[in-house]
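Just so we're clear, the structure is a prediction, and the values are computed from it rather than from any experiment.
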Amino acid sequence: MDYPLLLGGEKAGTLRIEQQGLYTCMEVTAAAREGLLRIWVQGGGREAYLGILQPGEEGLYLRRRLSRRELADFPQVIEQASDRQLPPREEVNITQEPSEPAPEAPDPAPTPEEKSQPQPEPEPQAASTVEPPTLIWQERRDGSLVAKEGSHTLLALPASLRHVPQGADLRRIGGREYLVFRY
């Protein structure tokens with residue numbers, strides 16, 4: 001099957017896909033141009049890197065034979081090949097705003113009997129915390145989240161664990177639990 005190749009946003013060549021036994025052959029051809037051109041195969045909002053166009057006798061070309069395992073990273077429905085990556089998904093603030101606590105009535109003064117009794121220790125806080133609303137998390141295609149906090153980058157990976165590994169925080173972001181690492 002043939003698909004369009006877009007260079008600089010304009011149709012400038014073709015992507016041909018053929019089944020060759022156990023392999024899928026992807027061949028890109030285009031007229032000669034200057035510069036280094038990286039090619040991505042795109043479709044259905046997904047993309048996969050194919051390679052760099054090389055000069056040939058009749059212009060530029062790229063040929064790759066992909067196994068079933070290598071092909072798993074490519075979009076299921078292919079629409080085109082392009083020298084431009086898909087734009088990143090729009091940033092979405094998926095942090096939860098902490099709810100305003102209701103004003104509490106002041107505690108009555110303890111009676112002399114209550115003073116002599118040992119006070120219960122406060123319960124430890126849960127490992128999962130609500131993220132402050134100042135962070136804007138950007139969702140990546142692999143399901144992870146990235147945010148900037150000052151000079152640090154925060155990476156959040158979806159998690160459903162029994163315990164939190166050392167060096168990570170368990171946080172609830174947008175209703176899901178994530179392991180957050182600071183870099």
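Surrounding CD of Q76 are at most 12 heavy atoms belonging to other residues, nucleotides or ligands under 6.0 Å away. The environment of R46 atom CZ is dense: over 12 non-hydrogen atoms of other residues, nucleotides or ligands sit within 6.0 angstrom. Other residues, nucleotides and ligands contribute only 12 or fewer heavy atoms inside 6.0 Å of the CD atom of E58.
Separation of atoms CZ (F74) and CD1 (I17) is listed at 8.5 Å; rounding is to 0.5 Å. One distance of note links CG of L62 with CD1 of I39; it measures 7.0 Å at 0.5 Å rounding. Expressed to the nearest 0.5 Å, how far CZ of R16 lies from CZ of R63 amounts to 11.0 Å. Rounded to the nearest 0.5 Å, atoms CG (L145) and CD (E139) are 6.0 Å apart. Expressed to the nearest 0.5 Å, how far CG of D83 lies from CD of E10 amounts to 10.5 Å. In this structure, the separation between CG on L170 and OH on Y178 is 12.0 Å, given to the nearest 0.5 Å.
The hydrophobic clustering, which links ILVMFWY residues whose side-chain heavy atoms are closer than 4.5 Å, places Y61 and L6 apart. Neither L22 nor M26 shares a network with the other; the hydrophobic side chains, linked directly or stepwise wherever heavy atoms of I, L, V, M, F, W or Y lie under 4.5 Å apart, form separate groups for each. Under a hydrophobic-cluster definition in which Ile, Leu, Val, Met, Phe, Trp and Tyr are linked whenever side-chain heavy atoms come within less than 4.5 Å, directly or via other members, L86 and V41 are assigned to different clusters. Linking ILVMFWY side-chain heavy atoms closer than 4.5 Å, directly or via other members, places L36 and L53 in two distinct hydrophobic clusters.
In this structure the side chain of K148 reaches within 4.5 angstrom of the side chain of T153, judged on heavy atoms. Proximity of L154 to R171: side-chain heavy atoms (C-beta onward) are separated by under 4.5 Å at one or more points. Side-chain atoms of E27 and E18, non-hydrogen and from C-beta on, never get closer than 4.5 Å to each other.
Annotation for P75 and G43: closest pair CB-O, 3.4 Å, computed over non-hydrogen atoms.
R64 places a side-chain N or O within donor-acceptor distance of the main-chain N or O of L50, the cut-off being under 3.5 Å. Listed for the E177 side chain is no donor-acceptor partner under 3.5 Å among the backbone atoms of L179. No donor-acceptor distance shorter than 3.5 angstrom exists from the side chain of E70 to the backbone of Y23, with no hydrogens or angles considered. Put simply, the side chain of E79 gets close to the backbone of G44: a donor and an acceptor are under 3.5 Å apart. In terms of modelled atom types and a separation under 3.5 Å, the side chain of E47 and the main chain of W40 share no donor-acceptor contact. The backbone N or O of R84 lies less than 3.5 Å from a partner atom in the side chain of S82, making a donor-acceptor pair.
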Practice problem: Begin from the C-alpha positions of R38 and Q85 and carry the test side chain to side chain contact (heavy atoms under 4.5 Å, CB included) through to its verdict. | Solution: CA-CA 9 Å; R38 299 178 190 276; Q85 285 186 274; over 6 Å; no
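Side-chain contact check for Q42 and Q80: at least one donor-acceptor pair (N or O, by modelled atom type) lies under 3.5 Å.
Of the listed residues (V28, L60, L5), just one forms a side-chain contact (heavy atoms from CB on, under 4.5 Å) with L37, and that residue is L60.
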